[in-house]
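Below you'll find the structure, written out as structure tokens, and then a few comments.
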Number of protein chains: 2
Amino acid sequence: MTASREALSDLLERKGVRATPRRLEVLEELAREPDDVTAQQLWGRLRERDSGAGLATVYRTLGLLSESGVVDVLSHHGGEQCYRLCGDEHHHHLLCERCHRVVEVQECGLDDWVASAAERHGFVPTDHRVEIVGLCADCRSG
Amino acid sequence: MTASREALSDLLERKGVRATPRRLEVLEELAREPDDVTAQQLWGRLRERDSGAGLATVYRTLGLLSESGVVDVLSHHGGEQCYRLCGDEHHHHLLCERCHRVVEVQECGLDDWVASAAERHGFVPTDHRVEIVGLCADCRSG
DNA sequence: GCGATAACGATAACGGTTCTCATTCGCACA
DNA sequence: TGTGCGAATGAGAACCGTTATCGTTATCGC
């Protein structure tokens with residue numbers, strides 16, 4: 001998922017977010033991460049790379065990025081939120097309950113199911129979230 | 001969803017949780033609630049009824065109840081958790097984005113979809129969660 | 001370069017949750 | 001009906017993730 005600094009900069013501008021050096025550092029670190037990370041973890045990794053980014057900036061940037069749809073926010077840890085750089089399209093997540101790996105499921109195909117389930121209770125659906133929890137290939141065999 | 005004190009007491013014992021008066025108060029208040037509530041809200045309602053239950057006890061009890069599968073925990077508010085007395089069986093939730101009403105969807109029927117989505121990425125699924133967000137019948141017309 | 005504005009870092013404040021500990025309660029047993 | 005012991009409880013402190021504040025610094029249009 002690692003991307004060039006230019007690509008990430010373009011991504012930000014396209015979303016109407018000014019691409020400052022600090023924001024690029026955060027985004028770059030996020031792109032380096034295959035799974036989801038908490039704000040604090042991300043901050044820790046930035047410090048290891050001798051970035052002077054402050055914790056507040058990390059939170060601000062993650063907030064901006066999630067608002068503009070660049071990152072997904074997962075709250076499966078109860079208490080703290082996890083962030084992940086995700087594709088643009090509607091998708092769901094597979095979570096490994098052992099190693100916490102996160103994999104995107106691009107194929108949704110649940111629209112009909114969602115519509116009928118919602119309709120049965122008088123709801124008009126606007127969105128839906130699915131999380132599949134299980135064991136990933138590595139944890140299954142290891 | 002209101003249930004007799006005896007039924008609630010039985011429910012606790014059946015789950016291996018000692019049915020103390022305080023715990024019954026909490027459970028009773030939870031049964032009175034059609035939607036989900038936060039721990040703090042629940043505590044507030046107990047105080048209104050002149051219950052002397054402490055906040056710590058409310059948290060402890062909700063923790064116990066969720067561990068033993070008597071209540072569901074929803075973390076859709078980011079930051080604080082919501083609790084809800086739910087049926088025993090596997091189910092999903094419909095959330096009204098306007099009034100925050102929560103409705104259980106008993107019919108799942110997603111096992112095949114889940115299995116194939118997981119398998120496609122090398123996962124063995126153990127559980128899945130679905131939340132449908134939308135507008136309930138009242139908020140749709142109102 | 002210059003000025004207005006946005007972004008930034010350090011740190012305090014906030015709010016939900018958990019921990020601590022002294023007290024009380026519930027239950028088994030004498 | 002006491003008595004003792006472990007579990008449960010309440011008050012409040014501690015904790016921790018997050019957000020707000022504020023003075024400083026960088027950025028961009030001119």
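Each chain gets a letter, A, B and so on, in the order the sequences are listed, and its residues count up from 1.
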With a 3.5 Å distance limit and no angle check, can you tell me whether [X] reaches the backbone of [Y] through a side-chain donor-acceptor pair?
X: A/Ser75; Y: A/Gln81; result: no
X: B/Arg140; Y: A/Gly122; result: yes
X: B/Ser68; Y: B/Lys15; result: no
X: A/Ser9; Y: A/Arg5; result: no

Given [N], is OP1 or OP2 found less than 4.0 Å from the side-chain N or O atoms of [X]?
X: B/Thr20; N: D/dT9; value: yes
X: A/Arg18; N: D/dC28; value: no
X: A/Tyr59; N: D/dT18; value: yes

Rounding to a whole Å, what distance do you find between [X]:[atom1] and [N]:[atom2]?
X: B/Leu55; N: D/dA8; atom1: CG; atom2: P; answer: 18 Å
X: B/Gln81; N: D/dT18; atom1: CD; atom2: C1'; answer: 15 Å
X: B/Gln41; N: C/dT17; atom1: CD; atom2: C1'; answer: 15 Å
X: A/Glu80; N: C/dG16; atom1: CD; atom2: P; answer: 17 Å
X: A/Glu25; N: C/dA7; atom1: CD; atom2: P; answer: 16 Å
X: B/Leu12; N: C/dG26; atom1: CG; atom2: P; answer: 15 Å
X: A/Arg23; N: C/dA7; atom1: CZ; atom2: C1'; answer: 6 Å
X: A/Leu24; N: D/dA26; atom1: CG; atom2: P; answer: 17 Å

query = With nearest nucleotides of DNA chain C determined for B/Thr38 and B/Pro21 from heavy-atom distances, which residue corresponds to the more 5′ nucleotide?
reply = B/Thr38
message = Is the ring pair B/His128/B/His92 parallel, tilted or perpendicular, if the boundaries are 30 and 60 degrees?
response =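 The rings of B/His128 and B/His92 sit tilted, inter-plane angle from 30° to 60°.
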task = With heavy atoms under 4.0 Å as the rule, sort A/Gly63 into base, sugar-phosphate or nothing.
result =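 The answer is nothing, as A/Gly63 stays clear of every strand by at least 4.0 Å.
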request  = Look at all strands and tell whether A/Gln40 reaches a base, only sugar-phosphate, or nothing, counting heavy atoms closer than 4.0 Å.
outcome  =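 Touches a base.
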inquiry  = Between the base of D/dG10 and the side chain of B/Arg60, is one N or O donor paired with an acceptor at under 3.5 angstrom?
reply    = yes
